[in-house]
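Counting starts at 1 for both ligands and their atoms, in listed order.
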Amino acid sequence: MKIIVCVKQVPDTTEVKIDKKTNTLIREGVPSILNPDDANALEEALALKEKYDDVKVTVLSMGPPQADVMLRECLAMGADEAILLSDRAFGGSDTWATSNALAAAIRKIGEYDIIFAGRQAIDGDTAQVGPQISEKLGIPQITYVEKMELLGDKVRVQRQLEDGYEVIEASMPILLTAVKELNEPRHMYIDKIFDAYEKEIPILTINDVDITTAEVGLKASPTRVFRSFTPEVKGQGVILEGTEKEVAAKLVNEFKHAHII
Ligand SMILES: Cc1cc2nc3c(=O)[nH]c(=O)nc-3n(C[C@H](O)[C@H](O)[C@H](O)COP(=O)(O)OP(=O)(O)OC[C@H]3O[C@@H](n4cnc5c(N)ncnc54)[C@H](O)[C@@H]3O)c2cc1C
């Protein structure tokens with residue numbers, strides 16, 4: 001069985017802070033990490049590899065050359081192969097263009113039974129790339145996967161809903177997007193770290209996949225970021241004084257005033 005896991009390198013947004021004087025994001029020293037949901041997607045693929053014979057796990061990322069480090073991390077966790085899709089022509093892609101490029105790379109890889117993606121990337125935060133890849137490849141998709149098992153050539157998954165879950169069976173090939181409840185991602189294996197740094201990671205450029213500049217990059221993207229800004233820092237908190245009853249009444253009043261209740 002062949003599994004492709006789409007992995008994105010993202011800034012660790014939990015480390016991003018706001019400069020209170022200039023109201024801008026402080027990006028210096030913010031580490032780049034494997035997107036958390038993608039770590040869950042990779043973990044599930046690796047667990048299948050351990051459970052069944054003959055499972056090959058390929059990780060695929062579109063990004064700048066620095067994404068190489070994250071891909072080696074995935075190899076050190078146990079992935080068999082890593083591929084980096086990298087070209088200036090892909091820069092500035094919105095989700096439509098990103099999914100065009102990733103779908104073209106997947107077509108180039110050719111064989112797959114399961115494509116895993118994370119539910120959402122913590123920087124772009126759109127949760128659109130996974131579903132768009134499945135549309136472009138013409139395969140079914142199940143998003144928000146919190147449990148899964150293989151049943152012959154089918155998958156049975158538990159899909160997270162806001163107030164419960166649904167159990168869905170579908171045939172492969174299929175695209176699944178993982179949520180953090182799916183599993184606990186493993187750490188890198190020490191011995192595999194050495195191997196990971198010796199492995200060659202092929203870089204695919206726009207010339208290596210069946211796609212043109214009309215489908216990728218900033219110009220081809222149907223959406224544009226018109227303006228971006230840092231949200232205003234919240235003002236100081238207020239400490240309410242009085243007896244428990246008085247504080248409770250004041251709190252309810254404040255909430256009503258702010259239309260929270
Ligand atoms: C309107 C708009 C304009 C934008 N303009 C720019 C721009 O000018 N420059 C710029 O750099 N970015 C830009 N972006 C961000 C860029 O589109 C997104 O980073 C990218 O399309 C992925 O979307 P996302 O981060 O929301 O991923 P999501 O859809 O939240 O990601 C879901 C999953 O898809 C997979 N995935 C997503 N991206 C990749 C990837 N690159 N490689 C492998 N797997 C991946 C991962 O498995 C991930 O968990 C823009 C976004 C928007 C909405």
* To do: Could you find the nearest protein heavy atom to atom 21 (O) of ligand 1 and give me its residue, atom name and distance?
  => Thr98 OG1, 2.9 Å
* **Taking atom 49 (O) of ligand 1 as the reference point, the nearest protein heavy atom with its distance** => Asp38 OD1, 2.4 Å
* To do: With rounding to the nearest 0.5 Å, note down the distance linking OG in Ser61 to CD in Gln9.
  => 7.0 Å
* **Polar proximity ligand 1 side, Ser93 side, N/O cut 3.5 Å exclusive** => yes
* Asked: Between the side chain of Asn35 and the main-chain N/O of Gln120, is any donor-acceptor distance below 3.5 Å?
  -> yes
* Asked: Can you tell me which residue and heavy atom of the protein come closest to atom 43 (C) of ligand 1, and the distance to 0.1 Å?
  -> Val7 O, 3.1 Å
* In the protein, which heavy atom is nearest to atom 36 (N) of ligand 1, and how far is it? -> Val129 CG1, 3.8 Å
* Nearest protein heavy atom with distance in Å, relative to atom 25 (O) of ligand 1 -> Lys8 NZ, 2.6 Å
* Option of least heavy-atom distance to atom 28 (P) of ligand 1 (set: Ala127, Gly124, Ser228) -> Ala127
* **Leu102 N/O to ligand 1 N/O under 3.5 Å** => no
* Any nitrogen or oxygen of Asp37, main chain or side chain, under 3.5 Å from a nitrogen or oxygen of ligand 1? -> no
* N/O separation below 3.5 Å, Leu60 to ligand 1 -> no
* To do: Output yes when the distance from some N or O of ligand 1 to some N or O of Asn35 is under 3.5 Å, and no in every other case.
  => yes
* To do: Using a 4.0 Å heavy-atom cut-off, say whether Thr177 meets ligand 1 through its side chain, its backbone, both or neither.
  => neither
* What do you reckon, is CZ of Arg88 surrounded by more than 12 foreign heavy atoms closer than 6.0 Å? -> no
* Asked: So which heavy atom in the protein is nearest atom 7 (C) of ligand 1, and how far is it from that ligand atom?
  -> Gly92 CA, 3.5 Å
* To do: Drop me the distance from Thr13's OG1 to Ile122's CD1, to the nearest 0.5 angstrom.
  => 3.5 Å
* N/O separation below 3.5 Å, Ala121 to ligand 1 -> yes
* Are Ile201 and Met188 grouped together when hydrophobic residues (ILVMFWY) are joined by side-chain heavy atoms under 4.5 angstrom apart? -> yes
* To do: Can you pull out the closest protein heavy atom to atom 41 (N) of ligand 1? Residue, atom name and distance to 0.1 Å, please.
  => Met62 O, 2.8 Å
* Asked: How close does the nearest protein non-hydrogen atom get to atom 4 (C) of ligand 1, and which residue and atom is it?
  -> Val225 CG2, 3.5 Å
* Please confirm whether Arg119 comes within less than 3.5 Å of ligand 1 when only nitrogen or oxygen atoms on both sides are compared. => no
* Is the NZ or CZ atom of Arg159 both under 6.0 Å from the centre of the six-membered ring of Tyr165 and within 45° of that ring's axis? -> no
* Asked: Under a 4.0 Å heavy-atom limit, does Thr126 contact ligand 1 with its side chain, its backbone, both, or neither?
  -> both
* Any N or O of Gly118 that comes nearer than 3.5 Å to an N or O of ligand 1? -> yes
* Any nitrogen or oxygen of Cys6, main chain or side chain, under 3.5 Å from a nitrogen or oxygen of ligand 1? -> yes
* Is Val129 reachable from Leu85 through a run of hydrophobic residues whose side-chain heavy atoms are each under 4.5 Å from the next? -> yes
